[in-house]
Amino acid sequence: MSTDAPKGHRLKRTILSLGGFIVVTLLTFIGLMTITFFIGRVIPIDPVLSIVGDRATQEQYDAARLALGLDRPLIIQFISYIGDVFQGDLGHSISTNRPVASDLLQVFPATLEMATLGIVIGVGMGVPLGVWAAAFHGTWIDQIIRVFALLGYSVPAFWLGLVGLVVFYANLGWVSGPGRVDIFYEGLVEPRTGLLLVDAALAADWDVFWNALDHLILPASILAFFSVAYIARMTRSFMLDQLGQEYITTARAKGVSEWRVIWTHGFRPIRVPLITVIGLSYAALLEGSVMIETVFSWPGIGNYLTVALLNADMNAVLGATLVIGAVFILINRLSDVLYRVLDPRSR
């Protein structure tokens, strides 16, 4: 009895926690759908006119409006929109003449691939820089890292992308140019996951793999620059707080090596809050890749969203916005779960 009771209690707590996670995520997603729906209705763009054109007759206009269901009351349209989204129907794109859901399944992996490499670079550089800045607080090393972080907040993404293309592609020739792969490599690898590096590796086509990586490294690095700045700044702040604690002073007084004081005693406690920082940074890379994808002609969701906006393709705009928001919600909620797993005090 004494053994089964704690197990039953833990199971009940796990089920309640999972149920709470699902409910909160679902409510947040419904809130996101509500915002995107009503924004799509209040902006001064007529979706019917975008389809039929400004030379259509009144009869053609009314027929298209009726086909889109825009003659129904707004609340009925909203309920229908919610039902369609949960069935995976995001409408039809007038730009590509295809279902928006199909378009997003095709373009989102390209953004995911670039953002994933970007966050790997961001964490690999940002965390050590933040730790070093805190360890050498007030020295020239700290000042250089702080200036570097400041540049990450102030330099426009499109300008940095253009400079990167001019310097590393046009002048030095270290990397490949715009696009995801050279034109003569397009279509050689079967798209299994949509992630070109993964698909090329699965097909053992290493020519396509290295060419795709050559195209990816520059936009991913520039995208990572902004996450490096944010992660380094937050890591520095967390580490300064930890290095000022009494247990750090005690460890140093006992003769513990400085390397161990910083990376064991100082860094371990900040890993939990860093999870949230890294998760938010990753979501921001997925969300904020519009300018980088435009500059590098990267066929991702940011470029898709830009084209849709220019063509007043509201179904595509709302669908892309909804997907980006859903990814942001999912990463944020997963960060909370990892936070609870690694920090027993928050359970």
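The first residue in the sequence is number 1, and the count goes up from there.
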Any donor and acceptor pair, going by atom type alone, linking the side chain of Thr306 with main-chain N or O of Gly302 inside 3.5 Å?
yes
If you group Ile, Leu, Val, Met, Phe, Trp and Tyr by side-chain heavy-atom gaps below 4.5 Å, do Trp210 and Leu188 land in one group?
no
Report all side-chain donor-acceptor pairs from residues 193-206 shorter than 3.5 Å, counting only partners two or more places apart or in another chain.
from: Thr193; atom 1: OG1; to: Leu195; atom 2: N; distance (Å): 3.1
from: Thr193; atom 1: OG1; to: Asp199; atom 2: OD1; distance (Å): 2.8
from: Asp199; atom 1: OD1; to: Arg192; atom 2: N; distance (Å): 3.4
from: Asp199; atom 1: OD1; to: Thr193; atom 2: N; distance (Å): 2.9
from: Asp199; atom 1: OD2; to: Arg192; atom 2: N; distance (Å): 3.3
from: Asp199; atom 1: OD2; to: Gly194; atom 2: N; distance (Å): 3.1
from: Asp205; atom 1: OD1; to: Val208; atom 2: N; distance (Å): 3.4

Determine whether Thr111 and Tyr304 make a side-chain contact, defined as any pair of heavy atoms from C-beta on separated by less than 4.5 Å.
no
Is any side-chain heavy atom of Leu223 closer than 4.5 Å to a side-chain heavy atom of Phe296?
no
Give the C-alpha distance, both sets of side-chain angles, the deciding distance and a yes or no for ring pair (Phe, Tyr, Trp, His ring centres under 6.0 Å) between Phe78 and Phe38.
CA-CA 8 Å; Phe78 175 66; Phe38 285 104; 5.6 Å; yes
Residues, nucleotides or ligands: over 12 heavy atoms within 6.0 Å of Leu27 CG
yes
Are Phe86 and Met33 side-chain neighbours, meaning at least one heavy-atom pair lies under 4.5 Å?
yes
Salt bridge (Lys or Arg N to Asp or Glu O under 4.0 Å) partners of Arg146, counting only residues at least two apart
none
Which distance, rounded to the nearest 0.5 Å, do you find between the CE of Met291 and the CG of Leu162?
8.0 Å
Residues in side-chain contact (heavy atoms from CB on, under 4.5 Å) with Ser237, at least two apart?
none
Can you tell me how far apart CG (Leu218) and CD1 (Ile292) are? Round to the nearest 0.5 Å.
8.5 Å
Could you tell me whether the side chains of Tyr185 and Asp207 share a donor-acceptor contact shorter than 3.5 Å?
no
Ile329 CD1 to Leu322 CG distance, which is reported to the nearest 0.5 Å
8.5 Å
Look at the side-chain heavy atoms of Ile, Leu, Val, Met, Phe, Trp and Tyr, link any pair under 4.5 Å apart, and say whether Trp263 and Leu240 land in one connected group.
no
May I ask whether Ile301 and Val307 are part of the same hydrophobic cluster, defined by side-chain heavy atoms of I, L, V, M, F, W, Y residues being less than 4.5 angstrom apart, directly or through others?
no
Please report the closest heavy-atom contact between Ala110 and Gly300, naming both atoms and the distance.
CB-CA, 4.0 Å
side-chain contact (heavy atoms from CB on, under 4.5 Å) involving Gln242 - partner list, sequence neighbours excluded
Gln245, Tyr247, Pro269, Ile270
From Thr249 atom OG1 to His265 atom NE2, the distance as rounded to the nearest 0.5 Å:
12.0 Å
For Arg180, check salt bridge (Lys or Arg N to Asp or Glu O under 4.0 Å) against everything at least two apart and list the hits.
Glu113
Using the rule that two of Ile, Leu, Val, Met, Phe, Trp, Tyr join whenever any of their side-chain heavy atoms come within less than 4.5 Å, decide whether Val100 and Leu105 are in one cluster.
no
Given the rule that I, L, V, M, F, W and Y join up when any side-chain heavy atoms are under 4.5 Å apart, are Trp140 and Leu151 in one cluster?
yes
With salt bridge (charged side-chain N to carboxylate O under 4.0 Å, His left out) as the rule and sequence neighbours excluded, what pairs involving residues 132-144 come up?
Asp142-Arg236
Residues Asp89 and Gly91: closest non-hydrogen pair is OD1-N, 3.0 Å
Assess the residue pair Tyr282 and Phe328 against the criterion (ring pair (Phe, Tyr, Trp, His ring centres under 6.0 Å)); give the C-alpha distance rounded to whole Å, side-chain angles, the decisive distance to 0.1 Å, and a yes or no.
CA-CA 9 Å; Tyr282 186 34; Phe328 200 98; over 10 Å; no
Taking all non-hydrogen atoms of both residues into account, name the closest pair between Leu216 and Met114 and its distance.
CD1-CA, 3.6 Å
Begin from the C-alpha positions of Phe267 and Val131 and carry the test side-chain contact (heavy atoms from CB on, under 4.5 Å) through to its verdict.
CA-CA 8 Å; Phe267 182 70; Val131 172; 4.0 Å; yes
Which atoms form the tightest heavy-atom contact between Ser93 and Asp103, and what is the distance?
CB-OD2, 3.7 Å
Does the side-chain contact (heavy atoms from CB on, under 4.5 Å) test come out yes or no for Phe136 and Ile145, once each step is laid out?
CA-CA 10 Å; Phe136 296 96; Ile145 294 174; over 6 Å; no
By salt bridge (Lys or Arg N to Asp or Glu O under 4.0 Å) - contacts of Arg260 (at least two apart)
none
Check for a donor-acceptor pair, side chain of Ser80 on one end and backbone N or O of Ile76 on the other, with a separation under 3.5 Å.
no
Could you go through residues 168-177 and list every donor-acceptor pair under 3.5 Å that involves a side-chain atom there, pairing it with any protein atom two or more places apart or in another chain?
from: Asn171; atom 1: ND2; to: Val166; atom 2: O; distance (Å): 3.2
from: Ser176; atom 1: OG; to: Asp214; atom 2: OD2; distance (Å): 2.6

Working for side-chain contact (heavy atoms from CB on, under 4.5 Å), residues Val261 and Ile248
CA-CA 7 Å; Val261 167; Ile248 295 293; 3.7 Å; yes
Sorted by chain and number, sequence neighbours left out, salt bridge (Lys or Arg N to Asp or Glu O under 4.0 Å) with Glu258 holds for Arg252
Ile82 side, atom CD1; Thr34 side, atom OG1 - distance, nearest 0.5 Å:
5.0 Å
Listed partners of Tyr81 passing side-chain hydrogen bond (donor to acceptor under 3.5 Å, both in side chains), at least two apart:
Thr36
If you look at every heavy atom in Leu285 and Gly118, which pair is closest and at what distance?
CD1-C, 3.9 Å
For Thr235, the side-chain hydrogen bond (donor to acceptor under 3.5 Å, both in side chains) test, sequence neighbours excluded, returns none
Determine, step by step, whether Leu305 and Val317 satisfy the side-chain contact (heavy atoms from CB on, under 4.5 Å) criterion, reporting the C-alpha distance in whole Å, the side-chain angles of both residues, the deciding distance to 0.1 Å, and the verdict.
CA-CA 6 Å; Leu305 181 59; Val317 171; 4.0 Å; yes
Could you check if a side-chain atom of Leu318 sits within less than 4.5 angstrom of a side-chain atom of Leu90, using non-hydrogen atoms only?
no
Restricting to pairs with a member in residues 215-232, which pass side-chain hydrogen bond (donor to acceptor under 3.5 Å, both in side chains), not counting sequence neighbours?
Asp182-His215
Correct closest heavy-atom pair for Ala157 and Phe226 would be CA-CZ, 3.6 Å
